[in-house]
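Quick caveat: nothing in here was measured; it's all calculated off a predicted structure.
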Amino acid sequence: MQVAEIPRLRLEEFLKRPEANSVGIYILFGENDETERPKAYVGQTGNFGNRLKQHNEKKGLWWNRAVVAFSLTQSLTVTHAHYLEWLALSHAAQAQRFEMDNGTGGTKPHTLPALEAECREIFETIDILLTTLGYPIFEPLIRNRNPVAVTQTTESVLDSQKQPISTEFYCHASGVDGRAQYTQEGLVVLAGSYGRAEVSSSFNYA
């Protein structure tokens, strides 16, 4: 699999390349002008060139880059693309990293088990490549740590003790109730936190 990043201003150059005729999935990236939140749109197509031209004419001004994912051996079919689109929409909705411009979350297409397994493997590769490019659209800031009842061996207990424990930070004061966790991308303030808009007179800038 290969991904290619296409600035909207250079779309005409991409349309002249052979990859423009490929089958695959694509993601439009940009920003919501009102909220300044990162925004994205996921789609699939049998021809990148035709579909991106349509978006360039009709999809509004919010997006400024497109990332396309296609097979180097041209082995992807439209069936692959439909399933990969559904996977991408599902994971993007769960991660909540980007405001999605898609009207729906998509419908899971009927796919044979062998093809489904192949698509999931392909999707993992696309996920890694996108994150490497700086688009972690499928990666949640905070991973859920739901407790699961399991029977642990001595080895599994020792292995679990080697895993880093995520520390949660608190800030409680008058008009302030904040919770946060450190991640690989920095300090993430958790949902439900709130604070005062004005700086307290007792705050020391020194």
Side-chain angles (χ1 to χ4, degrees), residues 1-5 23-32 34-45 51 55 59-60 62-71 76 78-150 160 163-169 178-194:
M1 289 298 298
Q2 180 173 334
V3 298
E5 183 180 27
V23 176
I25 64 168
Y26 62 91
I27 308 176
L28 307 180
F29 289 101
E31 186 177 87
N32 184 318
E34 296 181 0
T35 64
E36 297 185 351
R37 283 194 62 194
K39 190 174 179 179
Y41 175 89
V42 174
Q44 60 79 29
T45 181
R51 194 72 179 107
H55 284 310
K59 201 58 182 173
W62 65 266
W63 70 278
N64 51 44
R65 290 181 180 272
V67 176
V68 297
F70 55 93
S71 168
L76 290 186
V78 174
T79 304
H80 285 96
H82 277 288
Y83 196 88
L84 288 169
E85 178 192 40
W86 174 77
L87 276 177
L89 286 170
S90 300
H91 282 74
Q94 292 173 7
Q96 298 183 347
R97 293 289 293 266
F98 285 72
E99 177 183 319
M100 300 305 296
D101 195 55
N102 294 78
T104 66
T107 303
K108 182 179 180 180
H110 175 70
T111 309
L112 295 175
L115 186 59
E116 180 177 332
E118 181 184 358
C119 286
R120 290 185 178 278
E121 184 176 342
I122 292 170
F123 178 78
E124 289 180 6
T125 302
I126 294 173
D127 183 10
I128 293 171
L129 293 173
L130 282 172
T131 302
T132 302
L133 282 176
Y135 299 108
I137 185 172
F138 307 127
E139 300 297 322
L141 280 173
I142 300 293
R143 295 188 179 276
N144 291 329
R145 294 180 297 155
N146 297 325
V148 179
V150 295
S160 66
Q163 300 300 319
I165 299 175
S166 179
T167 303
E168 193 166 294
F169 295 85
R179 296 181 304 118
Q181 286 184 7
Y182 268 113
T183 71
Q184 292 181 343
E185 299 185 40
L187 187 68
V188 178
V189 178
L190 303 181
S193 300
Y194 61 85

Which atom names give the shortest non-hydrogen contact between [X] and [Y], and what distance separates them?
X: Glu85; Y: Val42; result: OE2-O, 3.9 Å
X: Gly24; Y: Leu76; result: CA-CD1, 4.2 Å
X: Glu34; Y: Asn32; result: N-OD1, 2.8 Å
X: Ala95; Y: Pro140; result: CB-N, 3.8 Å
X: Trp62; Y: Leu28; result: CH2-O, 3.8 Å
X: Pro136; Y: Thr131; result: CA-OG1, 4.0 Å

Could you walk me through whether Glu124 and Arg120 pass the salt bridge (Lys or Arg N to Asp or Glu O under 4.0 Å) test, one step at a time? CA-CA 6 Å; Glu124 289 180 6; Arg120 290 185 178 278; over 6 Å; no
Please name the residue in the list Thr132, Ile126, Thr125 that meets the side-chain contact (heavy atoms from CB on, under 4.5 Å) test with Ile128. Thr132
Report yes if the side chains of [X] and [Y] come closer than 4.5 Å at any heavy-atom pair, otherwise no.
X: Ile27; Y: Phe98; answer: no
X: Gln2; Y: Leu129; answer: no
X: Met1; Y: Ser71; answer: yes
X: Arg97; Y: Ile137; answer: no
X: Trp63; Y: Glu31; answer: no

Any chance you could measure [X], atom [atom1], to [Y], atom [atom2], to the nearest 0.5 Å?
X: Glu118; Y: Tyr83; atom1: CD; atom2: OH; answer: 12.0 Å
X: Arg65; Y: Tyr135; atom1: CZ; atom2: OH; answer: 5.0 Å
X: Met100; Y: Leu89; atom1: CE; atom2: CG; answer: 5.5 Å
X: Lys108; Y: Trp86; atom1: NZ; atom2: CH2; answer: 4.5 Å
X: Phe123; Y: Leu130; atom1: CZ; atom2: CG; answer: 8.5 Å
X: Ile25; Y: His82; atom1: CD1; atom2: NE2; answer: 12.5 Å

Taking Gln44's backbone N and O only, do any of them form a donor-acceptor pair with Arg51's side chain (distance below 3.5 Å, no angle check)? no
Do Tyr41 and His55 pair up side chain to side chain, a donor and an acceptor below 3.5 Å, judged on atom types alone? no
Which label fits His91 and Phe138: parallel for a plane angle under 30°, tilted from 30 to 60°, or perpendicular past 60°? perpendicular
